[in-house]
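Each remark here refers to the structure printed beneath this line.
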Amino acid sequence: MKIQDTLSNIEQELDISKNVKIYLCGVTVYDESHIGHARTIIVFDVLRKYLENKGIGIELIQNFTDVDDKIINRAQAENSTAEEISTKYIENYFKDFDGLNVKRATNYPKATEHIDDIIKFIEKLIEKGTAYTSKNGVYFSVSKFPGYGKLSKKKTDELQSGSRIAVDEQKKDPLDFAVWKFSDTEPTWDSPWGKGRPGWHIECSAMSVKYLGENFDIHGGGRDLIFPHHENEIAQSESCTNSQFAKIWMHVGMVTIDGEKMSKSTGNVKSIKHVLENWGPNIIRLFCLSGHYSKPIDYSEELLKENLTKWRQVETCHYELVHANNENSEEITQMIKKLGIDFDNSLDNDFNTHLALSAFFQLVKETNKLAADEKLGKNNADEIKKELKRMQEILGLLIPEITDSEKEEIDELIKNREEYRKEKQFEKADKIRDKLNEMNIELIDHKNRTIWMKKERIKSQ
RNA sequence: GGUACUCUGGCAGAACGGUUAUGCGUGAGCCUGCAAAGCUUAUACAAGGGGGUUCGACUCCCUCGGGUACCUCCA
């Protein structure tokens, strides 16, 4: 599998001979998560599910930044504590992402629970002479790390001249960034240098090394983290360990609205909760995977609606397979195999989920075609089900479950309807159909049989 | 201002030098008691503008222009 690496700017082969170790920058827990967060995390969710499907072990570490100015500000505004705020939004996070059918990461380390590791990390940096203490805190000395700027392709002299940061005269160099900030505002921790809290970038360096070792396979996050966050992580980590940090840097493009980045400051955010209520997890996932992960995607109701149409096709396909009982069977082994290979090849080639989805929908379409032609035999159905299920699991698409008692009720109603139809009592027959519709059961009248499907309830329809 | 990315049919979106996929939408048809769903089929001057390299360019190079992101916290 090849993945485009932001650092080298070429496609790098992912080493799958052993467990694949992934560090994904998570969210700062001071507010609700939005669709932009969802996209990044869904992309990595599909990546890990794909690799797991191949039998490859995955270690996925995703942090929570739970100490940060924004959290503290929010706590003050709400007359609460930072811990209460972060706890609340971590709970909120899991609610959102469980709802999106995202598999839990191996571990979700929090910055506040790794203060010791962070302090040890800083101590090493100071020992090596790449960090220094000043009146306001401990700073990383950018000039001590010759590779600074290699990820974001920025030159340090240009950064300085274009810098709009208010210069802190305590810093030796305006580019230096804090790894420890002195502060008396809670939360604070004692450190060898003074009471305070860690800077933002240091937590990821410390925790990734702790959980994944000095060199791991993939470091991911949104494109907006390239600078300064990831650039600074590289500087800290490589200064500390003297070895290459992540092997592949994988960055996910932004979700935009009307071409503008979705962000809190712009105020154009769509919260996961809101979109989930209106569209459900499957459509959101299809939407997030509809373009190449590295490119931006524009959020719009139209695109969600398009994905709703596609999702209905998947549901139809699913139930055609469930109800398949035709005697005829076509020779379809080759077709299934080919689409399965197309699917995998697409993902192997820089994780092209759009093309993988094409293969998936082709299989859906082929199935529906067979069903329409009354050629979907039971053997065919079993064969297709297996591959379709594999793809669905990787993509994280879920067909709503149905209980046995529901089934019995539906079958009974359909039987009644059939009798009315035979007697040409269509009004009564239609009443039953309406009743089923209310239960979100849709009927499909084939030539000599009627099948049903349970449709996912989509509010925005 | 700097850096990176980007510009394909009504919309979305691929193919990283060799027939401009595919999906949505739209039109027509099949199926149906009627629907719905599904299927069939049709549809589109499609590559920002201008140069160049090449037998051949969406794909490479140059140039002009538009857009976005980052340069401050950001998935």
Side-chain angles (χ1 to χ4, degrees), chain A residues 6 9 11 24-28 30-31 33-44 62 65 68-70 73 149 152-155 157-166 200 220-229 231 251-256 259-266 269 286-287 290-292 294-298 300 302-303 305-310 312-313 315-317 319-320 346 349-350 352 354-355 357-359 361-362 364-365 367-374 420-422 424-427 429-430 433-434 437 442-447 450-453 455:
Chain A
T6 310
N9 216 14
E11 287 182 352
L24 176 61
C25 280
V27 295
T28 302
Y30 74 104
D31 207 341
S33 302
H34 58 68
I35 290 298
H37 303 119
R39 182 191 190 191
T40 300
I41 284 155
I42 286 170
V43 163
F44 278 86
Q62 184 186 322
T65 299
D68 175 87
D69 288 352
K70 284 186 175 169
N73 292 343
S152 56
K153 315 286 183 275
K154 291 184 193 303
K155 296 195 173 81
D157 48 341
E158 281 166 358
L159 270 173
Q160 271 170 0
S161 60
S163 171
R164 282 186 274 141
I165 321 159
W200 174 33
R223 285 206 92 82
D224 53 352
L225 295 185
I226 294 174
F227 191 90
H229 186 53
E231 193 70 63
H251 289 106
V252 180
M254 297 294 102
V255 175
T256 60
E260 269 199 349
K261 181 181 164 187
M262 186 183 286
S263 73
K264 276 269 141 46
S265 45
T266 324
V269 291
L286 286 175
F287 166 73
S290 64
H292 192 265
S294 65
K295 292 188 179 175
I297 50 171
D298 205 53
S300 72
E302 286 72 32
L303 281 180
K305 209 176 248 176
E306 180 174 329
N307 284 300
L308 168 63
T309 307
K310 293 178 176 182
R312 293 302 186 210
Q313 293 170 359
E315 288 181 322
T316 303
C317 170
Y319 282 99
E320 289 289 2
S346 302
N349 188 8
D350 196 20
N352 193 329
H354 177 85
L355 282 182
L357 281 175
S358 294
F361 284 116
Q362 266 181 61
V364 167
K365 192 143 191 131
T367 306
N368 291 341
K369 203 187 288 185
L370 286 169
D373 293 346
E374 295 294 340
Y420 285 130
R421 288 178 78 201
K422 266 183 203 156
K424 301 213 188 292
Q425 299 197 45
F426 294 123
E427 239 171 71
D430 287 352
R433 186 165 66 190
D434 291 344
N437 273 338
E442 185 167 303
L443 299 182
I444 301 173
D445 287 330
H446 281 296
K447 264 183 190 141
T450 296
I451 69 165
W452 54 264
M453 56 185 271
K455 290 163 71 181

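Lettering of chains follows the sequences in order, A, B, ..., and the numbering in each one begins at 1.
- Using a 4.0 Å heavy-atom distance criterion, A:M453 is classed as making no nucleic acid contact.
- Out of B:A14, B:A75, B:A37, the shortest distance to the side chain of A:H292 is found at B:A14.
- Distances from the side chain of A:K153 to the nucleotides B:C39, B:A15, B:U3 place B:U3 closest.
- At a threshold of 4.0 angstrom between heavy atoms, the contacts of A:G259 are confined to the sugar-phosphate backbone, with no base atom among them.
- Atoms CD (A:Q362) and P (B:A14) sit 16 Å apart, rounded to a whole Å.
- Here the C1' atom of nucleotide B:C71 and the CG atom of A:D157 are 13 Å apart, to the nearest Å.
- Across all strands, A:H251 comes closer than 4.0 Å to no nucleic acid atom at all (heavy-atom distances).
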Where do A:V252 and A:R223 land on the side chain to side chain contact (heavy atoms under 4.5 Å, CB included) test, with the steps shown first? CA-CA 5 Å; A:V252 180; A:R223 285 206 92 82; 5.9 Å; no
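- The shortest heavy-atom contact between A:G220 and A:F44 is CA-CZ, 3.4 Å.
- Both A:T40 and A:K369 sit near RNA chain B, but only A:K369 has its closest nucleotide nearer the 5' end.
- Taking only distance into account, the side chain of A:E374 never meets the base of B:C39 through a donor-acceptor pair shorter than 3.5 Å.
- Within the nucleic acid shown, A:G26 comes within 4.0 Å of sugar-phosphate atoms alone, with no base atom in reach, counting heavy atoms only.
- The interatomic distance linking A:K295 (NZ) with B:C5 (P) rounds to 12 Å, in whole Å.
- A:Y30 places its OH atom 7 Å from the P atom of B:A75, with the value rounded to the nearest Å.
- In the set B:A75, B:C39, B:G33, B:G33 carries the atom at the smallest distance from any side-chain atom of A:D430.
- In a base pair of the Watson-Crick type (N1 to N3 plus N6-O4 or O6-N4) or a G-U wobble (N1-O2 and O6-N3), with each distance short of 3.5 Å, B:A14 is matched with no nucleotide.
- Of the candidate nucleotides B:A69, B:G2, B:U72, B:U72 has the atom nearest to the side chain of A:P228.
- Contact annotation for A:K365: backbone-only contact, meaning every heavy-atom pair under 4.0 Å involves sugar-phosphate atoms and none involves a base.
- Here the C1' atom of nucleotide B:G23 and the CG atom of A:L308 are 14 Å apart, to the nearest Å.
- Salt-bridge formation is not detected for the pair A:K455/A:E315: no Lys NZ or Arg NE/NH1/NH2 atom is positioned less than 4.0 Å from an Asp or Glu carboxylate oxygen.
- Residue whose closest nucleotide on RNA chain B sits further toward the 5' end, between A:E427 and A:I297: A:I297.
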Step-by-step side chain to side chain contact (heavy atoms under 4.5 Å, CB included) determination, A:M254 to A:M262: CA-CA 7 Å; A:M254 297 294 102; A:M262 186 183 286; over 6 Å; no
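- When each of B:C71, B:A12, B:A75 is scored by its nearest atom to the side-chain atoms of A:V27, the top-ranked nucleotide is B:A75.
- Closest non-hydrogen pair, A:P296 versus A:T256, comes out as CB-CG2, 4.4 Å.
- The side chain of A:C25 sits closest to B:A75 out of B:A75, B:C71, B:C24.
- For A:D445 and B:A35, a side-chain-to-base donor-acceptor distance below 3.5 Å is present, hydrogens and geometry of angles not being considered.
- Residue-to-nucleotide contacts include a donor-acceptor pair under 3.5 Å from the side chain of A:K70 to the base of B:C73.
- At a cut-off of 3.5 Å, with distance as the only test, no side-chain donor of A:T28 or A:D68 sits close to an acceptor on the other residue.
- OP1 and OP2 of B:C71 both lie 4.0 Å or more from every side-chain N or O belonging to A:K155.
- Looking at A:E320, its side chain has no donor and acceptor atom pair within 3.5 Å of the base of B:G38.
- Applying the Watson-Crick and G-U wobble criteria (two distances, each under 3.5 Å), B:G33 pairs with nothing in any strand.
- Put simply, the side chain of A:W452 reaches to within 4.5 Å of the side chain of A:Y319, judged on heavy atoms.
- Using modelled atom types, one finds no donor on one side chain facing an acceptor on the other under 3.5 Å when comparing A:S346 with A:N352.
- Distance, A:N307 CG to B:C11 P: 17 Å, rounded to whole Å.
- B:G23 and B:C30 have their P atoms separated by 22 Å, with the value rounded to a whole Å.
- Of the C1' atoms belonging to B:C24 and B:G13, the separation is 11 Å, rounded to the nearest Å.
- Taking the P atom of each, B:U22 and B:U40 are spaced 13 Å apart, rounded to whole Å.
- If you take atom C1' in B:C16 and the same atom in B:C11, they sit 25 Å apart, rounded to whole Å.
- Using a 4.0 Å heavy-atom criterion, one finds that A:L443 contacts the bases of the nucleic acid, with or without backbone contacts as well.
- For B:U43 and B:U20, the P atoms lie 16 Å apart once the distance is rounded to whole Å.
- Of the candidate nucleotides B:A14, B:G38, B:C24, B:A14 has the atom nearest to the side chain of A:N352.
- Residue A:E302 is out of contact with every strand shown, counting any heavy-atom pair closer than 4.0 Å.
- As the counterpart of B:G1, B:C71 is assigned, both hydrogen-bonding distances of the Watson-Crick or G-U wobble pattern falling under 3.5 Å.
- Taking atom C1' in both B:U54 and B:U68, the straight-line distance is 33 Å, to the nearest Å.
- Rounded to the nearest Å, the gap between the C1' atom of B:C58 and that of B:U8 is 7 Å.
- Using atom P as the reference point in both B:U6 and B:C61, the two lie 12 Å apart (nearest Å).
- When the nucleotides B:U22, B:C31, B:G33 are ranked by their closest atom to the side chain of A:K447, B:C31 comes out on top.
- Base pairing annotation: B:G25 forms a Watson-Crick or G-U wobble pair with B:U43, both donor-acceptor distances under 3.5 Å.
- Closest to the side chain of A:H354, from the set B:A21, B:C7, B:U32, is B:A21.
- Atom NE2 of A:H446 and atom P of B:A37 are 13 Å apart (whole Å).
- Across all strands shown, A:L303 has heavy atoms under 4.0 Å from sugar-phosphate atoms exclusively, and none from any base.
- Contact check for A:H229 versus A:C25: side-chain heavy atoms found under the 4.5 Å cut-off.
- B:C30 atom P lies 21 Å from atom CG of A:N368, rounded to whole Å.
- Here the nucleotide nearest the side chain of A:M254, chosen from B:A75, B:C24, B:A36, is B:A75.
- Within the nucleic acid shown, A:Q313 comes within 4.0 Å of sugar-phosphate atoms alone, with no base atom in reach, counting heavy atoms only.
- Across all strands shown, A:F361 has no heavy atoms under 4.0 Å from either base or sugar-phosphate atoms.
- The base of B:A36 is not paired with the side chain of A:R433 by any donor and acceptor separated by under 3.5 Å.
- Across all strands, A:K305 comes closer than 4.0 Å to no nucleic acid atom at all (heavy-atom distances).
- Salt-bridge check for A:K261 with A:D224: passed, with a basic side-chain N closer than 4.0 Å to an acidic carboxylate O.
- Residue contacts shown for A:Q62 are absent, as no nucleic acid heavy atom lies under 4.0 Å away.
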